[in-house]
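Below is one structure, written out as structure tokens, with a few remarks after it.
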Amino acid sequence: MTGDGADALRIEGLHKSFGKLEVLKGIDLVIAEHEVVCLIGASGSGKSTLLRCINLLEPLNAGRVLVHGEEITARGVDVNRIRRYIGIVFQAFNLFPHMSVLRNVTLAPTEALGMSKRDAEAVATELLRRFGLADKKDEFPDRLSGGQQQRVAIVRALAMKPDIMLLDEVTSALDPELVSGVLDVIRELAESGMTMVIATHEMGFARDIANRVCFLDAGQILEEGTPEQIFTAPKEPRTQQFLQSILEAGRM
Amino acid sequence: MLGGDPRLPEDERSSKILGQLRAEGARGVAIAVVSTLVVFALIVLAVIHSQNWPAVRQAFFNADEFRRSFPDIARKFRRNIEYFLIAEVFILALALLLAVLRSLPGPVFFPLRLMSIIYTDLFRGLPTILVVYLFGFGIPSLGLAGVPSSATFWAVVALIMSYSAYVAEVYRAGIESVHPSQVAAARSLGLSRSQSLRFVVIPQAVRRVIPPLLNDFIGLQKDTALVAFVVAIPEAFKQAVIFKDADFNFTPLLAAALMFLVITVPMTRFVDWLVGRERRKRQAGAAL
């Protein structure tokens, strides 16, 4: 199967440690084109680290990551080129506060892809319009609500026309009433066929949108399956425990 | 996010003193004006009734001497401004280079980091006047071929060397204050390390360090007087000393002092205004 270009993303035996702390203990995961995979699990289970490793923001200790059959973790691979087709959106938005919304979105297309300013602005304006942010393009990030900022961050990643989007708990820093606007955006992306890996605490949303749900526990994928399997008939005791605690917290 | 933004009061930093008065209302303003007048009047009275006032006045506050020396000193102050402007351009560029070199990661860049550290330690550790002497007298006396022999040139170079070490540290503090998540965001979009530095880190770093940079601007503006110690062509300070020596009176030095204040005080207010405007542009209405 290795080298088979059909998989959008293939992770093999991924290990990651921070000093003595082993955060990921051998992750194997294959994601097909147009598939939406949700990663669930307690804080500290390694969801964010896994996404950061896929985007090469963190070096791996062992294992490999392949995108469309190309090993992106191999030596000598141009990480800047790889990142152009893997978009990531962070929990804390990480917009550039000294730039307008429009410039936030056009920076990477113009500088990393060499797109002309006019083309980049046309793409950005269209994306901002599509996600209900047309009137915000000249604002600065600090003047937007959290939900608007996170939508801008999604648009900024989309402007690079990525093949895969990684979403790292993108609604966790938002006030509850702002969450649905961001989830709607992600839902629309899923419907348009975007391949996505989503770390989330929104179980209802995961159930709704995911083709597959992976439960991470202590740096390993303990259980994976369709949303129905995971949410209605989890096999592993740890998964049952986790879902029970979520249920008690009223987050489902 | 929603609701009142707790940061707002802090952001209204422009003109804190006057702002405070405004909050206290008309009565507060009246009290402030009266008490200020009383305090200053008492100080002036105490000074001019002191025993030695006539002598002090003759030596330091001599109106005739001021009228005679001021125009010349003001004209020579042009040189201080020239030294300042020329030095500042090079300082800002050289210091940024030093700070960037020092922030380069990995073992490959160790020699560059080391060079930057040695430079900064060396020139920040030396008294500026010592560097001015060394460069201004020392280098021209070597008579090296192809090297400028002008003492003015080397005195200004000395100011550049000395101040760029300070300013490099200011830049470095700014660069380190930009959260790593900003770099992560830039790199995740496919921007290279140098592009992230250029478009994301440095613009934010520079905005943050404008107030401390201004401190060094003002320091430099004052230290242009040090050039006088190695250069025959007079600038404001040296011109004042010439008058003082000729007329046995210190008033010309006060005239020179006045010229420095005329530049540095408005400069401070201007940058305060600039920083406040930038902050308002970014954050006003943040409490959506």
Side-chain angles (χ1 to χ4, degrees), chain A residues 51-52 54-58 78-100 103-113 136 139-150 153 156-162 166 168 173-178, chain B residues 1-13 105-108 171 174-175 177-210 213 274-288:
Chain A
L51 294 182
R52 291 175 69 90
I54 297 171
N55 198 248
L56 306 178
L57 285 172
E58 300 287 350
D78 177 5
V79 294
N80 299 325
R81 180 176 62 81
I82 300 301
R83 291 192 184 118
R84 282 166 210 163
Y85 52 82
I86 308 177
I88 186 165
V89 182
F90 304 93
Q91 179 177 345
F93 330 139
N94 299 358
L95 293 177
F96 307 131
H98 60 299
M99 294 177 183
S100 69
R103 186 70 182 133
N104 261 279
V105 179
T106 59
L107 177 70
T110 52
E111 302 305 330
L113 297 180
K136 303 293 179 198
E139 294 280 14
F140 281 78
D142 289 351
R143 301 180 67 151
L144 304 180
S145 74
Q148 289 165 339
Q149 288 190 51
Q150 192 56 293
R156 182 174 68 174
L158 287 176
M160 293 296 284
K161 301 196 168 72
L166 310 172
D168 186 4
L174 298 180
D175 290 332
E177 68 271 32
L178 303 175
Chain B
M1 276 150 243
L2 284 190
D5 189 333
R7 291 169 307 181
L8 267 184
E10 215 184 324
D11 295 335
E12 287 295 330
R13 285 238 311 246
V108 186
Y171 275 136
I175 287 173
S177 79
V178 177
H179 199 271
S181 65
Q182 286 285 308
V183 180
R187 298 302 308 273
S188 78
L189 288 164
L191 294 170
S192 67
R193 179 171 292 150
S194 60
Q195 284 173 328
S196 308
L197 203 60
R198 179 172 149 210
F199 295 112
V200 175
V201 176
I202 289 174
Q204 292 186 62
V206 169
R207 279 172 175 80
R208 279 180 208 179
V209 298
I210 285 174
L213 273 183
L274 216 60
V275 171
R277 192 189 64 162
E278 168 75 17
R279 194 179 283 121
R280 278 190 297 279
K281 190 169 87 176
R282 271 175 43 185
Q283 291 188 333
L288 276 178

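Lettering follows sequence order; numbering is per chain, from 1.
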Cut-off 4.5 Å, heavy atoms of chain B, and the answer for A:Leu113 is neither
Ranked by heavy-atom pairs below 4.5 Å to chain A, first place among B:Ala186, B:Ala185, B:Ser188, B:Ser192 goes to B:Ser188
B:Arg207 versus chain A, the contacting section by heavy-atom distance below 4.5 Å | side chain
Please report the shortest heavy-atom distance between A:Leu107 and B:Val200, naming the atom on each side.
-> CD2-CG2, 4.1 Å
Residue pair B:Leu189 / A:Arg84, side-chain heavy-atom distance below 4.5 Å = no
Any donor-acceptor pair under 3.5 Å from A:His98 side chain to B:Phe199 backbone = yes
Would you mind checking which part of A:Arg52 comes under 4.5 Å of any heavy atom in chain B, side chain (CB onward), backbone (N, CA, C, O), both or neither?
-> side chain
In terms of heavy-atom pairs under 4.5 Å with chain A, which of B:Arg193, B:Arg198, B:Gln182 leads?
-> B:Gln182
Give a yes or no on whether the backbone of B:Gln195 and the side-chain of A:Glu111 come within a donor-acceptor separation of less than 3.5 Å.
-> no
Would you give the length of the straight line joining atom OG of B:Ser181 to atom CG of A:Leu57, rounded to the nearest 0.5 angstrom?
-> 11.0 Å
Side chain, backbone, both or neither: which part of A:Phe96 has a heavy atom under 4.5 Å from chain B?
-> both
Closest heavy-atom pair, B:Gly190 versus A:Ala112, reported as atoms and distance to 0.1 Å, is O-CB, 3.6 Å
Selection from A:Pro109, A:Ala157, A:Ala108, A:Pro97 maximising heavy-atom pairs under 4.5 Å formed with chain B | A:Pro97
Contact origin within A:Ile82 toward chain B - heavy atom pairs under 4.5 Å = neither
Side chain from CB out, backbone as N, CA, C, O: work out which of these in A:Val89 comes under 4.5 Å of a heavy atom of chain B, or both, or neither.
-> neither
